[in-house]
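Heavy-atom basis, side chains included; hydrogens, waters and symmetry copies ignored. Below, chains carry the letters A, B, ... as their sequence lines are ordered, and counting in each starts from 1.
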There are 4 protein chains.
Amino acid sequence: MPVKNFDSDAQSCVHAKHERRKDARPGELLAAALELFVEKGFAATRVEEVAKLAGVSKGTLFIYFASKEELFKAVVRENISGRFEEWNAEFENFQGSSADMLRYCLTAWWEHIGSTKASGITKLMMSEARNFPELATFYEHEVIQPGHALIGRVLQRGVDRGEFRAIDMKYGVYIVLAPMLFLAMWKHSLGACCDAGAQLVPEDYIALQAETILNGLSIRQTPPPLSQKNTAS
Amino acid sequence: MPVKNFDSDAQSCVHAKHERRKDARPGELLAAALELFVEKGFAATRVEEVAKLAGVSKGTLFIYFASKEELFKAVVRENISGRFEEWNAEFENFQGSSADMLRYCLTAWWEHIGSTKASGITKLMMSEARNFPELATFYEHEVIQPGHALIGRVLQRGVDRGEFRAIDMKYGVYIVLAPMLFLAMWKHSLGACCDAGAQLVPEDYIALQAETILNGLSIRQTPPPLSQKNTAS
Amino acid sequence: MPVKNFDSDAQSCVHAKHERRKDARPGELLAAALELFVEKGFAATRVEEVAKLAGVSKGTLFIYFASKEELFKAVVRENISGRFEEWNAEFENFQGSSADMLRYCLTAWWEHIGSTKASGITKLMMSEARNFPELATFYEHEVIQPGHALIGRVLQRGVDRGEFRAIDMKYGVYIVLAPMLFLAMWKHSLGACCDAGAQLVPEDYIALQAETILNGLSIRQTPPPLSQKNTAS
Amino acid sequence: MPVKNFDSDAQSCVHAKHERRKDARPGELLAAALELFVEKGFAATRVEEVAKLAGVSKGTLFIYFASKEELFKAVVRENISGRFEEWNAEFENFQGSSADMLRYCLTAWWEHIGSTKASGITKLMMSEARNFPELATFYEHEVIQPGHALIGRVLQRGVDRGEFRAIDMKYGVYIVLAPMLFLAMWKHSLGACCDAGAQLVPEDYIALQAETILNGLSIRQTPPPLSQKNTAS
DNA sequence: CATGAATGAGCTTTCATTCAT
DNA sequence: GATGAATGAAAGCTCATTCAT
């Protein structure tokens, strides 16, 4: 994830009062801001805390970001750099069953997004979208639409190849997305501070979701009987 | 809605016009606070706005709630009042297939929680849990654990009756919960302010999730082949 | 002067912490702001000082004025309330020589403007006009133009009646205005802090200016010889 | 202009291109500072702007001036360098009528001070005198007292030679000074940003002031009758 | 010497909280 | 009880000043 580029070994050197590290600063600040914004929310995070976590003074932050709001926008943008081009290419080249493709999607998502700080953006957007409509629009174009499109293509491939049952794709994508996005949010909220969450192993969560989804998408020999309200006595 | 509990008997007192609904104040404040906290988050909501929305002055709010934090806690507590006793009773009395039971769960959840303001609590907890650990614990005991237990019983009933395949219940409950909780959060965040979200019809979303989950939990005649990494050429 | 309306006996009562004097506040704040802005300039005056001088807290100031800049604008506007209507009426009704009229102008100006806090506005505008173009335009319309017009009428009356010699009125008005405005500015700057200024008695200053101006405007029997450069002695 | 004194011999040093004019730096900084201080006032001028206008970095400014205040003081001191010795010499040598002498004073003042950046000092002192008492005292000794003395001598010469009427010199000097100093201030404040000011031609302004002052100082054949309040015409 | 990244005191502004009415 | 004027701690942001390079 982009943020990682910057953290590297910032801690390893002794900082003098006026050490110049101009090109490293923005990344360090963005990483610090991401962490705190995700943890405490935008409004409850003080710029001084961000600066402190990045190892600089309050004033320095404002050299690189004109305002707290600009910092927020930069955090979101920084962590959304188009990964979709790469993923779409992977989709084109994938050889294998659609079930495998879907499993790969989920695993890769966890590996590259879910388990990294980038997953914090999901929680951040959910928490702050309504306070930053401009960012919400940006996020919709940069993440939601490409994401839906990609998952839609994966599912459609399965349908086209007779591997998945036909579904309304508009809602179908959420079969895959909802469990993953919930995981991302859970991880950064209750999962980070309550017992129930502490015990959840993401890989196991994903494994069960994957098999259930695949089973759910499969074409059954005998469909389950349509239910009538409180049918059986 | 839980909040209503508070106002409910407010009508019964007959005073002069100007003093009417005096004991309804806390309920009105809680409703206003829920709405604004959900929309803007705790920190970004001003108590004056809450008071205004409730039709009282800022000072009045502090007569009923010692601080903004106490107001927040009251909002959460008030809106997760134990409905589980009732629901557990429904579970005991339910006559019908486990598939129907699960469908009923999802439908009832939407009707009583998802579509009401109470769903905002889910978003609130996700956004603020880490700032209110005490509340997170409370929420875990009052909502998460009973919720998991209830869903767990529903699924276990299906397994026990040979209707659902056996799964690790610790993760199994999320098969049902994740799509619903994601819907609740989405509705109050991006869904409330971006195009993609505007077009989502919750009932249709839930219907597809329900059938997919049931299909996913079903015992298949022929299980899908275990996948090897990039099996087919 | 408008400002005076407010100072009255503010000091005479004992202030409790939360005493309510809502309608008196703006005036007290404007008076305090005028004093400090004139003394130290806009930028060098801190809002907290203004509040303190007005006997309120920092926060209170912002209840009445949205920003420091709005406070500044209000100070200027407050002290410019149209006195010109009244003065123009006086002009119409004046019975007497134009010399007397001019003397009366200067005396009245000192009495109602020059000697009061309102004269500080002159210094304030001179110091800050270029930082507040919007206010400069406002001041031009509300003060400069009516002022020039009024003085112009007074002088023109004298010319028309054969009392004053004919002059280009565009520059003529400054014969009267310059000495008065200089006095106002001097009084609030060097005059307030240096020995030379301390000894200047405004009434005497004005008396001499008046007689010299009148003499200067008079129609001489024998005009002074046109000078050639460095005429022989 | 005084500032030039500083640069003057800067051309004589022959270095490499990049090092050229090294010793001109302070002069360039002072010129830049004068311009900005006059335009925006001391407090509202940022040292970075001054440095930029002088073509150097912020840090460089502090090599030459210990603080912003010191820079301000240097600007004032630099621009009021004693021209009075020269002017007093001119006074001694002047051959001609006192009227001519006075006309020459006004013309020369405009030429050497009024029309140059040095006139900005007048505005600067008026605006900031009370924030810099030390400078005010300095200014009083270096400018005000010599200036008053010089003008006083000119007027006294006229009186002594029977050319001007006798006046109290303490106030008499302002007959000459007030219109000129007002012009200087006007030019750098409202005159620089409002329509009324834009149309004022200084030479014409001075010409009319000169003739009116001379007329006003002249000994009249028939003095104007002492006015009684509202005397009938 | 010159630079400009970094600092942090200081200022404007906000807003939860108080309390006289 | 209800009000809303008043408070002041706290937060965002600025900018004179420093100093390693």
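Taking 4.5 Å as the limit, some side-chain heavy atom of C/Ile121 sits within range of a side-chain heavy atom of C/Tyr139.
Put simply, CZ on D/Phe42 is 13 Å from P on F/dC15, counting in whole angstrom units. In this entry the distance linking CZ of D/Phe72 with C1' of F/dT17 reads 19 Å, nearest Å. For C/Tyr64 and E/dT13, the OH to C1' distance is 17 Å, given to the nearest whole Å. Taking atom NZ of residue A/Lys52 and atom P of nucleotide F/dA11, one finds them 13 Å apart after rounding to whole Å. A straight line from CG of A/Leu61 to P of F/dC13 spans 9 Å, rounded to a whole angstrom. For the pair C/Arg25 CZ and F/dA5 C1', the interatomic distance rounds to 8 Å; values are reported in whole Å.
Shown for residues 123-134 of chain D: no residue has heavy atoms falling under 4.0 angstrom of DNA chain E.
Ranked by how close their nearest DNA chain E nucleotide is to the 5' end, A/Val56 and B/Phe62 are led by A/Val56. Across the interface with DNA chain E, nearest-nucleotide mapping of C/Thr45 and B/Thr45 shows C/Thr45 to be the residue nearer the 5′ end. Comparing D/Lys68 and A/Glu48 against DNA chain F, the residue whose closest nucleotide sits nearer the 5' end is A/Glu48.
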**Request:** Walk me through it: do C/Met125 and C/Phe132 pass the test side chain to side chain contact (heavy atoms under 4.5 Å, CB included)?
**Result:** CA-CA 9 Å; C/Met125 284 309 306; C/Phe132 297 88; over 6 Å; no
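For the OP1/OP2 pair of F/dA16 and a distance below 4.0 Å, the side-chain nitrogens and oxygens of D/Arg46 include no atom meeting the criterion. Residue A/Thr60 has no polar side-chain atom (N or O) positioned under 4.0 Å from OP1 or OP2 of E/dA6.
Remark: the backbone N or O of A/Gly120 is paired with a side-chain donor or acceptor of A/His188 at under 3.5 angstrom. Proximity of a side-chain donor or acceptor of D/Lys68 to a complementary backbone N or O of D/Phe42 within less than 3.5 Å is detected. Formation of a donor-acceptor pair under 3.5 Å by the B/Thr60 side chain with backbone atoms of B/Val56 is not found in this model.
Base pairing of F/dT21: its partner is E/dA2, meeting the Watson-Crick or G-U wobble criterion (both donor-acceptor distances under 3.5 Å).
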Under 3.5 Å, side-chain donor or acceptor atoms of residues 47-54 of chain D against the rest of the protein: list the pairs with distances, not counting sequence neighbours.
| residue | atom | partner | partner atom | Å |
| --- | --- | --- | --- | --- |
| D/Glu49 | OE1 | D/Arg46 | N | 3.0 |
| D/Glu49 | OE2 | D/Lys40 | NZ | 2.9 |

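You'll find that the side chain of D/Ile63 is closest to E/dC1, out of F/dT7, F/dA2, E/dC1.
Using a 4.0 Å heavy-atom criterion, one finds that A/Val47 contacts the sugar-phosphate atoms exclusively. Using a 4.0 Å heavy-atom distance criterion, D/Lys58 is classed as a base contact.
Comment: A/Lys117 does not engage A/Glu39 in a salt bridge, judged by the lack of any side-chain N to carboxylate O separation of less than 4.0 angstrom.
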